[in-house]
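Working notes, beginning with the structure itself.
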Amino acid sequence: MRPEYRRDGATAIVYDADRLDHADSAHFEPAYWAGRGALVGEAAGGRGTTLFVQQGAEQWALRHYRRGGFAARLVTDRYLWLGLERTRAWREWHLMAELHRRGLPVPAPVAARVVREGVSYSADLITRRLPGVEQLTQRLQAQALPDRDWRRLGGMLRRFHDAGLDHADLNADNILLSACNDFWLIDFDQARLRAPGRWREGNLLRLERSLKKRQANSPQFFWTGLNWSALRAGYESPPAGG
């Protein structure tokens with residue numbers, strides 16, 4: 001990964017020069033990809049839509065940052081400007097780049113854009129789309145996972161915690177797995193690197209709550225307390241290499 005930076009007036013862009021020869025604002029506009037016939041899908045989420053685009057042999061995920069909760073009723077996609085290094089896209093891109101550099105299972109960051117407008121800004125992020133994966137919640141609505149995979153998941157989460165990652169929204173939707181049950185972690189908006197502390201347990205409890213909520217709201221959901229015990233066992237004794 002080779003980070004490169006561009007500034008054009010109020011616009012700042014960071015991108016991986018190993019994946020893009022150059023990056024400009026066009027790369028963050030859906031119309032650019034539509035004009036090339038490269039839009040290949042989309043996924044709706046709680047904070048807007050993620051677009052999937054084809055770039056060479058890879059597919060990328062393009063996300064425009066949008067507010068959630070009550071604030072979204074007033075301002076949909078603008079945030080208070082406190083300096084470039086404190087913008088959400090800038091922080092998320094560089095955090096993902098660091099985690100990727102350490103060999104942790106995260107999507108590779110491709111590019112990020114921040115556009116300042118007075119005392120506010122808007123932002124976009126492009127990451128590599130992981131092929132052939134689904135959310136943990138989707139898998140558990142269809143079938144159970146063996147305890148050995150729950151232990152592996154616990155070991156993966158321990159690797160992130162040992163790296164200092166405090167994931168601000170560790171839930172079952174933000175854990176992906178492949179057909180052969182390789183696990184990945186996504187959505188690092190507002191995550192950060194920290195010294196060890198009680199936040200680790202807070203992360204795990206948040207994940208447990210999300211599984212319980214899904215179980216309560218789904219007609220079929222293959223998850224039990226024994227599965228959680230297996231995850232905790234894997235977390236306490238993570239296997240070599242996760």
Side-chain angles (χ1 to χ4, degrees), residues 11 13-16 19-79 87-93 95-97 99-100 105-115 121-142 167-179 182-191 210 213-214 217-218 221:
T11 300
I13 294 173
V14 57
Y15 65 98
D16 179 6
R19 281 187 157 84
L20 272 175
D21 292 334
H22 76 284
D24 55 40
S25 282
H27 289 95
F28 301 91
E29 302 297 337
Y32 168 81
W33 299 101
R36 302 176 66 197
L39 281 178
V40 295
E42 62 181 50
R47 296 188 182 182
T49 299
T50 297
L51 299 179
F52 301 120
V53 303
Q54 191 75 41
Q55 172 67 17
E58 293 185 338
Q59 288 188 8
W60 294 347
L62 168 60
R63 172 165 59 93
H64 183 66
Y65 283 76
R66 296 189 182 277
R67 286 186 171 275
F70 179 79
R73 302 178 186 179
L74 305 174
V75 182
T76 59
D77 67 346
R78 304 206 68 81
Y79 302 86
T87 59
R88 298 172 86 141
W90 213 255
R91 292 177 62 182
E92 187 169 1
W93 193 94
L95 175 59
M96 292 182 70
L99 296 173
H100 189 267
V106 302
V110 177
R113 175 180 69 167
V114 174
V115 182
Y121 71 92
S122 61
D124 307 271
L125 180 70
I126 301 175
T127 59
R128 179 174 178 262
R129 184 185 188 186
L130 299 170
V133 297
E134 61 183 337
Q135 293 173 320
L136 177 60
T137 48
Q138 293 174 311
R139 178 68 64 85
L140 295 178
Q141 288 169 347
H167 195 291
D169 192 18
L170 184 60
N171 62 59
D173 288 339
N174 288 333
I175 296 171
L176 305 182
L177 68 165
S178 67
D182 290 325
F183 292 97
W184 304 79
L185 195 57
I186 62 169
D187 194 356
F188 300 94
D189 185 19
Q190 302 190 72
S210 80
K213 183 177 180 180
R214 285 287 187 169
N217 296 331
S218 301
F221 196 75

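It should be emphasised that the depicted structure is a prediction, and the values quoted were computed from it without experimental measurement.
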Flag, side chain of Asp169 to backbone of Asp187, donor-acceptor distance under 3.5 Å:
no

Does Tyr65 have Arg88 sitting over its ring (NZ/CZ under 6.0 Å from centre, angle to axis within 45°)?
no

Under 4.5 Å between any side-chain heavy atoms of Thr87 and Tyr79, yes or no?
no

Test side-chain contact (heavy atoms from CB on, under 4.5 Å) on Trp60 and Leu20 and set out the steps.
CA-CA 12 Å; Trp60 294 347; Leu20 272 175; 3.8 Å; yes

Check: His64 side chain, Glu29 main-chain N or O, donor-acceptor pair, under 3.5 Å:
no

Any chance you could measure Phe188, atom CZ, to Leu125, atom CG, to the nearest 0.5 Å?
11.0 Å

List the atom of Ala108, the atom of Arg19, and the distance in Å for their closest heavy-atom pair.
CB-NH1, 3.6 Å

In Å, rounded to the nearest 0.5 Å, how long is the span from OG1 of Thr127 to NE2 of His100?
11.0 Å

Do Trp184 side-chain atoms and Ile175 backbone N/O form a donor-acceptor pair below 3.5 Å?
no

Arg113 side chain to Ser122 main-chain N or O, any donor-acceptor pair under 3.5 Å?
no

Rounded to the nearest 0.5 Å, what separates atom CD in Gln190 from atom CZ in Arg91?
7.5 Å

Reported CD1-to-CG distance for the pair Ile186 and Leu176, which is rounded to 0.5 angstrom
4.0 Å

Please examine the side chains of Gln59 and Pro131, heavy atoms only from C-beta on, and report whether any two atoms are closer than 4.5 Å.
no

Might you point out which heavy atoms bring Pro105 and Phe183 nearest each other, and give the distance in Å?
CB-O, 3.4 Å

Nearest-0.5 Å distance, CG of residue Leu140 to CZ of residue Arg214
10.0 Å

Compare every heavy atom of Ala61 with every heavy atom of Thr50, then report the nearest pair and how far apart it is.
CG2-CB, 3.8 Å

I want to check something: taking the side chain as every heavy atom from C-beta on, are Gln55 and Arg36 in contact at a cut-off of under 4.5 Å?
yes

Treating Gln54 as the side-chain partner and Glu58 as the backbone partner, does any N or O pair qualify as donor plus acceptor under 3.5 Å?
yes

Closest non-hydrogen atom pair, Trp93 against Ala111:
NE1-N, 3.2 Å

Tell me, do Thr11 and Phe28 make a side-chain contact under 4.5 Å, heavy atoms counted?
no

Taking CG in Asn217 as the centre, count heavy atoms belonging to other residues, nucleotides or ligands within less than 6.0 Å. Is the count above 12?
yes

Reported CG-to-CG distance for the pair Leu170 and Leu185, which is rounded to 0.5 angstrom:
6.0 Å

For Ser210 against Ala172, the heavy-atom pair lying closest together:
OG-N, 3.1 Å

Under a 3.5 Å distance rule, please check whether Glu134 uses its side chain to pair with a backbone N or O of Leu136 as donor and acceptor.
no

To check you understand the geometry: which heavy-atom pair defines the closest contact between Leu39 and Pro30, and what is its length?
CD1-O, 4.1 Å

